[in-house]
Chemist: 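I have a structure I would like to understand better, so I am pasting it below and will then ask my questions one at a time.
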Amino acid sequence: MTETRDDRHGRYTGNTRMSAVAILAAIGLAACAPQGGGGRLNVRTLEVRATSADSMVFEGAAIDSTWTIPGEDARQLTRSLVLEPGDGSEIPNPLVDVALRALVTGYQFLPPGELPDDTGSTEETANGLLEISLQQGINFRAIVITNYNRGEDLAWRGQASFGDRMVWIDSRVLPADTVRLALDGDYEDMRDGAGGQQAVLRAQGTLSVATAGEYTVELTERVEVMEVPAEGVARMMGGVRVESEP
């Protein structure tokens, strides 16, 4: 089995946003292919929206896809990142800039691990970890304790609620500035017996910077794992191009 990764990071421009849309369109077409053996597609999308008190909107997105075709060299496109002010205004504060960009580029969710294959097991609890790295060693973390139940169709369905807070005092500037990030959210996960998965994590809260005010924050991450024909994967990926600037 061959699995390759090709990370591509777009600049924070409108051209990158158009590339992200093109990738999503290609993923959507591939996902609609008839089911059959051959390949596996794992798609993750992250959408971030932050709104200031004066209604300035900042939006960002991350898109990852992993294509795996047994026995073949699989071409794959794994990431396109976008983050820019929604109205083209300049970000008014360096700490706001760091924090807003970190919500996309520093975001990582480690989902709950493997669940039992034993058909006699119908209930399980597993933990995931949401982590947002603002800077090296400065992280927001929340434990996502997920309760799973197994139905008659042998699919595991899990739900969780979570929340946490962090405070970061930046003493590199005078006077020292303070960042507070508070998020609450929920997680839904469905895993079928064939290895397919559909999961959604949603979080909302506030980002506060002492010298720049408070921002309302919304995060949504979606993950889907599905089986697709190997020929369909190769054909769809052959038509995808990424417009990224050096």
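Basis for what follows: all heavy atoms, side chains included, without hydrogens, waters or symmetry-related copies.
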Chemist: Kindly give the heavy-atom pair with the smallest separation between Phe162 and Ala142, and that separation in Å.
Modeler: CD1-CB, 4.1 Å

Chemist: Is there side-chain contact between Leu46 and Tyr107, with heavy atoms separated by less than 4.5 Å?
Modeler: yes

Chemist: Look at the side chain of Asp97 and the backbone N and O of Leu100, then say whether any donor-acceptor pair between them is shorter than 3.5 Å.
Modeler: no

Chemist: Please lay out, stage by stage, how Asp184 and Arg165 fare under the test salt bridge (charged side-chain N to carboxylate O under 4.0 Å, His left out).
Modeler: CA-CA 9 Å; Asp184 295 282; Arg165 315 285 186 268; 3.3 Å; yes

Chemist: Do Val179 and Leu207 pass the side chain to side chain contact (heavy atoms under 4.5 Å, CB included) test, and can you show the C-alpha distance, the side-chain angles, and the key distance before you say yes or no?
Modeler: CA-CA 7 Å; Val179 176; Leu207 170 70; 3.7 Å; yes

Chemist: More than 12 heavy atoms of other residues, nucleotides or ligands under 6.0 Å from CG of Leu129: yes or no?
Modeler: yes

Chemist: Got a sec, which residues hit ring pair (Phe, Tyr, Trp, His ring centres under 6.0 Å) with Tyr148, two or more places apart in sequence or on another chain?
Modeler: none

Chemist: Looking just at side-chain N and O atoms, do Asp189 and Gln197 make a donor-acceptor pair shorter than 3.5 Å?
Modeler: yes

Chemist: Is Asp118 atom CG crowded by more than 12 heavy atoms from other residues, nucleotides or ligands, each under 6.0 Å away?
Modeler: yes

Chemist: Can you check whether Glu59 reaches Glu47 side chain to side chain, under 4.5 Å on heavy atoms?
Modeler: no

Chemist: Is a donor on one side and an acceptor on the other found under 3.5 Å between the side chain of Ser52 and the backbone of Met56?
Modeler: yes

Chemist: Restricting to non-hydrogen atoms, name the atom on Arg157 and the atom on Asp153 that form the minimum distance, rounded to 0.1 Å.
Modeler: NH2-OD2, 2.8 Å

Chemist: Where is the tightest heavy-atom contact between Glu124 and Pro116, given as atom of each residue plus distance?
Modeler: OE1-CG, 3.6 Å

Chemist: Please determine whether residues Leu115 and Val225 belong to a single hydrophobic cluster, defined as Ile, Leu, Val, Met, Phe, Trp and Tyr linked transitively by side-chain heavy-atom distances below 4.5 Å.
Modeler: no

Chemist: State whether a side-chain donor-acceptor pair under 3.5 Å links Glu214 with Ser208.
Modeler: yes

Chemist: Given side chains that start at C-beta, do those of Asp170 and Gln135 come closer than 4.5 Å, heavy atoms only?
Modeler: no

Chemist: Test of understanding: clusters of I, L, V, M, F, W, Y form through side-chain heavy atoms closer than 4.5 Å, transitively. Do Met166 and Val209 belong to the same one?
Modeler: yes

Chemist: My understanding is that a hydrophobic cluster links ILVMFWY residues whose side chain heavy atoms are under 4.5 Å apart, including indirect links. Using that, what else belongs to the cluster containing Val167?
Modeler: Ile169

Chemist: Could you note down all residue pairs passing salt bridge (charged side-chain N to carboxylate O under 4.0 Å, His left out) where residues 125-148 supplies at least one of them, sequence neighbours left out?
Modeler: Glu131-Arg141

Chemist: Please determine, by modelled atom types, if Glu218 and Gln204 share a side-chain donor-acceptor pair under 3.5 angstrom.
Modeler: no

Chemist: Which atoms form the tightest heavy-atom contact between Gly205 and Leu183, and what is the distance?
Modeler: N-CD2, 3.9 Å

Chemist: Less than 4.5 Å apart, side chain to side chain, heavy atoms only: is that true for Glu221 and Pro111?
Modeler: no

Chemist: Can you find a heavy atom in the side chain of Phe140 that is under 4.5 Å from one in the side chain of Asp164?
Modeler: yes

Chemist: Any heavy-atom pair between the side chains of Tyr187 and Leu130 that's under 4.5 Å?
Modeler: no

Chemist: Taking all non-hydrogen atoms of both residues into account, name the closest pair between Leu134 and Asn139 and its distance.
Modeler: N-OD1, 4.4 Å

Chemist: Is any side-chain heavy atom of Arg49 closer than 4.5 Å to a side-chain heavy atom of Val57?
Modeler: yes

Chemist: Quick one: are Val223 and Asn42 in side-chain contact, heavy atoms under 4.5 Å?
Modeler: yes

Chemist: Could you grab the distance from atom CZ of Phe109 to atom CG of Leu219, nearest 0.5 Å is fine?
Modeler: 12.5 Å

Chemist: Check the side chains of Thr211 and Asp177 for a donor-acceptor pair under 3.5 angstrom, ignoring hydrogens and angles.
Modeler: yes

